[in-house]
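Beneath this line is the structure, given in structure tokens, with notes to follow.
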Amino acid sequence: MPESTTEFLERVHRQEYAKLIATLIGWLGDFELAEEALQDAFVSAMEHWEQNRAPRKPDAWLTTTARRKAIDRLRRSKPQIVDPEQLEDLPPKELAVTEDFGEVGEIPDERLKLIFTCCHPALPLEQQIALTLHTVGGLTTTEIAAAFLVTVPTMGQRLVRAKRKIKNAGIPYYVPPAHLLA
Amino acid sequence: MKYVLLVYGDENAAANMPAEAMQAFMGEYAAYTTKIQTNGIRKTGEAFQPTTTATTVRMQEAKKVTTHGPFAETKEQLGGFYLIECENLDEAIEWAAKCPDARFGSIEVRPVMEYNQGP
């Protein structure tokens, strides 16, 4: 029996989530916005892929759609740290990669940066672990709450605090230079 | 990003320091301040008079109430600050670690709230 759109999307979500979210955070510099935009993109995919055929490169499709959704969200909200005008000034090479859902270009894998940011020593250990499981591991708040034996709202709060600290305290999104890893 | 380095230390220990040691310590501070200044990191900064000179003010039922000293009795007191501009938190932490008081007291690194210019 051929895979349904839902099954296909579930598989893509399972296999690609961390890579997609890592790329988007690198581009947006904002965990919460990246998560919301990616969620929007998956909702769009559900509608579009059901009607048309699923794209050959679902990760490229989702990245491009999530980027557009992020710009939409930024336009709708008050000007924040990221300026939507600035985001549209993407270098032409990157545009070529994302506009073409076909063979061209690979999405850079930024998962290592994501792990380092989630595990930054300025975050409490309990936040580091929860956030890593959430973003890199793709686990839901409910699943992580169960593992830590805390309520879902408590875990939700913990994740939000971690994401906000990363943004507001300027925790960098990079693989730290060697002297910081010693 | 802008950060404030809040320098906490033990005032009593500083007051009881032998003159020579104190001079050496002040020399370290001068060197640190020069370094952070020439790197274009420091925007401003001040050292405070000890907490024995402080006055705390509150309005209680529209009446001005003043008390002497800071409210909390702690081992370490706020002794000064640096306002710095850094690329990210890691850079701010590195500068905080170089502050002479980091060895005896502690340095709190606080990001400064940025108010966006609304349309």
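Sequence lines set the chain letters: A, B, ... in the order given, protein chains first and strands last, and positions in each chain run from 1. Note that this is a predicted model, so its numbers are computed, not measured.
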Is it the case that over 12 heavy atoms from other parts of the model lie below 6.0 angstrom from the [atom1] atom of [X]?
X: B:Lys75; atom1: NZ; answer: no
X: B:Glu20; atom1: CD; answer: no
X: B:Lys43; atom1: NZ; answer: yes
X: B:Gln37; atom1: CD; answer: yes
X: B:Met113; atom1: CE; answer: no
X: B:Arg110; atom1: CZ; answer: no
X: A:Gln15; atom1: CD; answer: yes

Proximal component of A:Leu180, with respect to chain B [non-hydrogen, under 4.5 Å]: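 The side chain, not the backbone.
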Region of A:Ala169 that comes under 4.5 Å of a non-hydrogen atom in chain B: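 Both backbone and side chain.
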So which of A:Pro172, A:Pro121, A:Pro177 has the largest heavy-atom pair count under 4.5 angstrom toward chain B?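 Result: the option with the highest number of such pairs is A:Pro172.
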Proximity of residues 80-93 of chain B to chain A, residues having a non-hydrogen atom under 4.5 angstrom: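 Checking residues 80-93 of chain B against chain A gives B:Asn88, B:Leu89, B:Asp90, B:Ile93.
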